[in-house]
Amino acid sequence: MSRDGSGPLLLVVDDEALFVSSVLDAVAVHRPDLRLIGVHDGVEALEVIDRESVDLVLTDQKMPRLDGFGLLAEMLARDARAPDIVATAFGTPSMRQQVQDLGALHTLEKPIDLEELLGLIDRLLAEPVRVRGLSLAGFAQLLGLEGKTGVLRVVATD
């Protein structure tokens, strides 16, 4: 199921159809500029990611076929760079750490607070693009090839 806006694409992934449709409806009212797609498991999400330029992913953690952990791991392996939010009714500190290790930026507890979700969407879409797995020289070459300029902030963790 999808809603056509003209701006960034938010992909909502959850096996509960009512959750997907309610999130899509609520976000569409508050952010009509967003393009919205909802799917029901990680396999369907990867199909969307393979054919669309996804700007933000909101995924459930527990789903059939391919759960949120598997989706995040596959996105990391495919070098899909969309920021991720994981929603779960079963959040624990170890689960939060696991999804952060797989690249998710935030976790939200279900039931989701709409204002919190909308604020998070706005903040994540306003943040600069995060690039992982690309050398500084490679990034500079890409900028040169595209004839672009930009500001680069480098964060080293080790």
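Since we're looking at a predicted model, the values are computed, not measured.
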Residue pair Leu10, Asp55: steps toward the side-chain contact (heavy atoms from CB on, under 4.5 Å) verdict: CA-CA 6 Å; Leu10 168 64; Asp55 297 288; over 6 Å; no
Are any of the side-chain heavy atoms of [X] and [Y] separated by less than 4.5 Å?
{"X": "Arg31", "Y": "Leu125", "result": "yes"}
{"X": "Leu24", "Y": "Ile37", "result": "no"}
{"X": "Asp67", "Y": "Lys62", "result": "no"}
{"X": "Ile49", "Y": "Arg78", "result": "no"}
{"X": "Lys110", "Y": "Glu16", "result": "yes"}
{"X": "Ile121", "Y": "Leu34", "result": "yes"}
{"X": "Leu56", "Y": "Leu11", "result": "no"}
{"X": "Arg65", "Y": "His40", "result": "no"}

Considering all heavy atoms, the nearest [X]-[Y] contact:
{"X": "Asp60", "Y": "Ala87", "value": "OD1-O, 3.0 Å"}
{"X": "Ala26", "Y": "Leu114", "value": "CB-CD1, 3.6 Å"}
{"X": "Val20", "Y": "Gly38", "value": "CG1-CA, 3.6 Å"}

Identified side-chain contact (heavy atoms from CB on, under 4.5 Å) partner of His30 from the options Leu117, Leu118, Asp122: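 Exactly one pass, corresponding to Leu118.
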Nearest-0.5 Å distance that lies between atom OG in Ser21 and atom CG in Leu36: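 It is 12.0 Å, given to the nearest 0.5 Å.
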Test salt bridge (Lys or Arg N to Asp or Glu O under 4.0 Å) applied to Arg51 and Glu47, step by step: CA-CA 7 Å; Arg51 72 173 188 267; Glu47 291 169 2; 5.2 Å; no
Worked verdict on Val48 versus Val54 for side-chain contact (heavy atoms from CB on, under 4.5 Å): CA-CA 8 Å; Val48 171; Val54 176; 4.2 Å; yes
From CA spacing to verdict: side-chain contact (heavy atoms from CB on, under 4.5 Å), Val13, Val57: CA-CA 8 Å; Val13 188; Val57 176; 4.3 Å; yes
Criterion side-chain contact (heavy atoms from CB on, under 4.5 Å) on Leu120 and Leu108, from CA distance to verdict: CA-CA 10 Å; Leu120 195 52; Leu108 293 176; 4.1 Å; yes
N/O donor-acceptor pair under 3.5 Å between Asp15 side chain and Asp41 backbone: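 No.
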